[in-house]
Peer 1: 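Below is the structure I would like to discuss, written out as structure tokens.
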Amino acid sequence: MRKRSDKTLGESLRDHGLSRRGFLKLCAATASLMALPPSMAPAIAAALEQARRPSVIWLSFQECTGCTESLTRAHAPTLEDLILDFISLDYHHTLQAASGEAAEAARLQAMDENRGQYLVIVDGSIPGPDANPGFSTVAGHSNYSILMETVEHAAAVIAVGTCAAFGGLPQARPNPTGAMSVMDLVRDKPVINVPGCPPIPMVITGVIAHYLVFGRLPELDGYGRPLAFYGQSIHDRCYRRPFYDKGLFAESFDDEGAKQGWCLYRLGCKGPTTYNACATMKWNDGTSWPVEAGHPCLGCSEPQFWDAGGFYEPVSVPLTLGPATLLGAGAASAVVGGGLAALSRKKGRDAAATRQPVTVDELEQKL
């Protein structure tokens with residue numbers, strides 16, 4: 001592991017053979033990644049030209065490695081570009097060459113040499129301070145002690161995946177390990193949550209790109225998630241939404257409605273209560289996403305999604321009304337669809353009022 005370079009990001013990219021034209025294309029792609037207009041590319045170019053590659057320490061605790069697997073499938077930038085050109089990934093259990101004592105020495109060295117400037121990325125939940133420390137350890141030390149030691153002099157912390165952001169599967173009832181989220185434990189550092197099981201790879205790299213460009217974390221919602229990616233519900237962006245509005249629902253996975261792409265709400269789709277960018281950013285280089293493949297949204301980017309009811313049971317309409325009211329209004333499927341659509345629109349307006357979305361003009365002013 002090497003000391004963080006004193007070169008700017010622009011200098012590092014040129015050293016790797018990236019032309020000025022290629023650099024501007026990269027900036028345009030970065031603008032798109034952060035949901036900004038192409039006109040922002042020059043401002044991004046100026047910011048990246050002066051930015052320095054941050055040291056990144058990635059901690060893996062009670063997790064399944066799915067978040068790292070997702071990261072390896074990022075395509076703009078690719079994992080190789082991210083590690084070699086954008087950041088200095090100084091510690092990562094899965095991706096680093098070092099092991100054993102050498103690996104732990106690399107973490108401590110990165111912390112010492114980049115004091116107050118490094119980023120900590122965490123995936124996986126952490127057994128809390130009152131839990132048995134032996135539930136999850138690294139190099140003989142508890143997850144909790146490693147986390148608190150590492151974040152002490154960090155610039156910011158990014159919780160990647162629902163386990164790190166909200167506790168995830170390890171925290172599901174009865175929570176035998178006393179699993180806690182990063183934000184439950186880290187109170188004196190900026191924490192950004194990037195939930196998902198796993199998160200979309202472009203969202204992970206997009207948050208890192210935002211930090212590089214603006215030198216700060218993005219605007220967040222009430223759960224600490226970046227509004228650029230979690231500001232709208234799956235339901236509001238879903239291509240099946242017109243069928244929902246018409247009251248056309250698949251009743252089983254193999255009926256005619258399912259074959260014709262009707263709404264999966266009655267099959268348990270949690271899209272109305274789930275905020276994420278799956279419907280627009282998709283997966284595997286924009287190829288598809290679960291609902292497009294015929295499976296309802298599980299709500300994996302929301303807190304306590306494992307304990308929020310059966311995956312294949314309809315949500316009890318978050319839309320401020322209980323099931324009884326919904327059933328009373330739903331004698332005819334068209335009425336149900338229209339009623340839910342109206343309620344969803346109201347919920348969307350309420351959400352917009354409380355989530356305080358950030359406009360492009362506001363972002364440009366902050367530059």
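These numbers were taken from a predicted model, which means no experiment stands behind them.
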Peer 1: What's the separation between atom CZ in Phe229 and atom OG in Ser301, rounded to the nearest 0.5 Å?
Peer 2: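 Taking CZ in Phe229 and OG in Ser301, the distance rounds to 13.5 Å.
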Peer 1: So that I know where these two stand, are Trp306 and Phe311 an aromatic pair - ring centroids less than 6.0 Å apart?
Peer 2: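 Centroid separation for Trp306 and Phe311: below 6.0 Å.
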Peer 1: What I'd like to find out is whether the side chain of Pro54 reaches to under 4.5 Å of the side chain of Tyr118, using heavy atoms alone.
Peer 2: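 Result no, sub-4.5 Å side-chain heavy-atom pair not found.
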Peer 1: side-chain contact (heavy atoms from CB on, under 4.5 Å), that's the test. Do Leu119 and Ile57 meet it? Break it down for me.
Peer 2: CA-CA 6 Å; Leu119 286 177; Ile57 297 174; over 6 Å; no
Peer 1: Quick one: OG on Ser181 to CG on Asn193, what's the gap to the nearest 0.5 Å?
Peer 2: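 Atom-to-atom, Ser181:OG and Asn193:CG are 7.0 Å apart.
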Peer 1: When you group the ILVMFWY residues by side-chain heavy-atom contacts below 4.5 Å and let the links chain together, are Met281 and Leu298 in the same group?
Peer 2: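 Yes, one cluster joins them.
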Peer 1: Which pairs of donor and acceptor atoms, one on a side chain in residues 147-158, lie under 3.5 Å apart (sequence neighbours left out)?
Peer 2:
unit_1, atom_1, unit_2, atom_2, d
Glu149, OE1, Arg107, NH1, 3.1
Glu149, OE1, Arg107, NH2, 3.3
Thr150, OG1, Arg107, NH1, 3.0
Thr150, OG1, Ile146, O, 2.7
His153, NE2, Arg115, NH1, 3.4
His153, NE2, Arg115, NH2, 3.0

Peer 1: Do Val194 and Cys67 make a side-chain contact, defined as non-hydrogen atoms from C-beta onward lying under 4.5 Å apart?
Peer 2: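 SC-SC contact between Val194 and Cys67 ruled out.
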Peer 1: Is a side-chain donor-acceptor pair under 3.5 Å present for His92 with Thr68?
Peer 2: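 The criterion, which ignores hydrogens and geometry beyond distance, is satisfied for His92 and Thr68.
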Peer 1: Could you label the plane-to-plane angle of the Tyr244 and Tyr265 rings as parallel, tilted or perpendicular, counting under 30° as parallel and over 60° as perpendicular?
Peer 2: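 If you compare the ring of Tyr244 with that of Tyr265, the planes turn out perpendicular.
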Peer 1: Give the minimum heavy-atom separation between Glu104 and Val138, together with the two atoms involved.
Peer 2: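 Looking at all heavy atoms of both residues, the closest pair is OE2-CG1, 3.9 Å.
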Peer 1: What is the minimum heavy-atom distance between Gly167 and Ser125, and which atoms define it?
Peer 2: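 Heavy atoms of Gly167 and Ser125 come nearest at O-CB, 3.7 Å.
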Peer 1: Is Arg225 reaching over with its side chain to a backbone N or O of Tyr230, donor-acceptor style, under 3.5 angstrom?
Peer 2: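 Side chain of Arg225 to backbone of Tyr230: no pair is present.
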Peer 1: Can you list everything that forms a side chain to side chain donor-acceptor pair (under 3.5 Å) with Glu63? Sequence neighbours excluded, please.
Peer 2: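 Thr65.
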Peer 1: What is the minimum heavy-atom distance between Ile234 and Cys278, and which atoms define it?
Peer 2: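 Distance-wise, the nearest heavy atoms are CD1-CB, 3.8 Å.
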Peer 1: So do Leu227 and Leu220 actually touch side chain to side chain, heavy atoms under 4.5 Å?
Peer 2: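 No, side chains not in contact.
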Peer 1: Would you check if there is a donor-acceptor pair between the side chains of Thr274 and Glu302 at a distance under 3.5 Å?
Peer 2: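 The criterion, which ignores hydrogens and geometry beyond distance, is not satisfied for Thr274 and Glu302.
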Peer 1: Just how far is it from atom CG of Asn143 to atom CE of Met180, taken to the nearest 0.5 Å?
Peer 2: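 It is 13.0 Å, given to the nearest 0.5 Å.
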Peer 1: If I take atom CD1 from residue Ile200 and atom CG from residue Asn284, how far apart are they, to the nearest 0.5 angstrom?
Peer 2: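 The CG atom of Asn284 is 11.5 Å from CD1 of Ile200, to the nearest 0.5 Å.
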Peer 1: Write down the atom of Asp236, the atom of Ser233, and the distance for their closest heavy-atom approach.
Peer 2: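 Closest pair (atom of Asp236, atom of Ser233, distance): N-OG, 3.0 Å.
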Peer 1: Hey, is CD on Gln260 packed in by over 12 heavy atoms from elsewhere, all under 6.0 Å?
Peer 2: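 Above 12, so yes.
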Peer 1: Could you work out, with ring-ring contact (aromatic ring centres under 6.0 Å, His included) as the rule, every residue matching Trp289, not counting sequence neighbours?
Peer 2: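 Result, ring-ring contact (aromatic ring centres under 6.0 Å, His included) vs Trp289: none returned.
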Peer 1: Please examine the side chains of Pro195 and Cys300, heavy atoms only from C-beta on, and report whether any two atoms are closer than 4.5 Å.
Peer 2: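 Cys300 vs Pro195: side chains apart.
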Peer 1: With sequence neighbours left out, what residues match Ser145 under side chain to side chain donor-acceptor pair (under 3.5 Å)?
Peer 2: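 For Ser145 the side chain to side chain donor-acceptor pair (under 3.5 Å) partners, ignoring immediate neighbours, are Ser142.
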Peer 1: Would you check if the side chain of Asp307 reaches a backbone N or O of Arg173 as a donor-acceptor pair within less than 3.5 Å?
Peer 2: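 Yes.
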Peer 1: Treat each ILVMFWY residue as a node, draw an edge where side-chain heavy atoms are under 4.5 Å apart, and state whether Val207 and Trp283 are in one component.
Peer 2: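 Same hydrophobic cluster.
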Peer 1: Among residues at least two apart in sequence or on other chains, which ones pass side chain to side chain donor-acceptor pair (under 3.5 Å) with Asp254?
Peer 2: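 Counting only residues at least two positions away or on another chain, Asp254 forms a side chain to side chain donor-acceptor pair (under 3.5 Å) with Ser252.
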Peer 1: Return the NZ to SG distance between Lys270 and Cys297, rounded to the nearest 0.5 Å.
Peer 2: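 Lys270 NZ to Cys297 SG: 8.0 Å, rounded to 0.5 Å.
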Peer 1: How long is the gap from SG on Cys238 to CD on Glu292, to the nearest 0.5 Å?
Peer 2: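 The SG atom of Cys238 sits 9.5 Å away from the CD atom of Glu292.
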Peer 1: Is there a side-chain contact (heavy atoms from CB on, under 4.5 Å) between His93 and Ser60? Walk through the geometry before answering.
Peer 2: CA-CA 7 Å; His93 291 170; Ser60 297; 3.8 Å; yes
Peer 1: How close do Val291 and Arg240 get, counting heavy atoms only, and between which atoms?
Peer 2: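 Result for this residue pair: O-NH2, 2.9 Å.
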Peer 1: Run Leu71 and Trp58 through side-chain contact (heavy atoms from CB on, under 4.5 Å) and show every step you take.
Peer 2: CA-CA 12 Å; Leu71 177 67; Trp58 184 301; 3.6 Å; yes
Peer 1: Verify, without hydrogens or angle tests, whether Gln171 (side chain) and Ala179 (backbone) share a donor-acceptor contact under 3.5 angstrom.
Peer 2: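 Yes; at least one donor-acceptor contact below 3.5 Å.
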Peer 1: Minimum heavy-atom separation for Pro199 and Ser70, please, with both atom names.
Peer 2: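 Answer, listing the atom of Pro199 first, then Ser70: O-OG, 2.6 Å.
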Peer 1: Between His295 and Tyr312, does any side-chain donor sit less than 3.5 Å from a side-chain acceptor?
Peer 2: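 The criterion, which ignores hydrogens and geometry beyond distance, is satisfied for Tyr312 and His295.
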Peer 1: Does the side chain of Ser55 pick up a donor-acceptor pair with the side chain of Glu113 at under 3.5 Å?
Peer 2: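 Short answer, no.
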Peer 1: Do Lys259 and Asp255 meet the salt-bridge criterion of a basic N to acidic O distance under 4.0 Å?
Peer 2: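 Answer for the salt bridge query: no.
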Peer 1: Would Phe166 and Phe305 count as a close aromatic pair, with their ring centres under 6.0 Å?
Peer 2: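 Ring centres of Phe305 and Phe166 not closer than 6.0 Å.
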Peer 1: The criterion is side chain to side chain donor-acceptor pair (under 3.5 Å); which residues satisfy it with Gln304, sequence neighbours excluded?
Peer 2: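 Counting only residues at least two positions away or on another chain, Gln304 forms no side chain to side chain donor-acceptor pair (under 3.5 Å).
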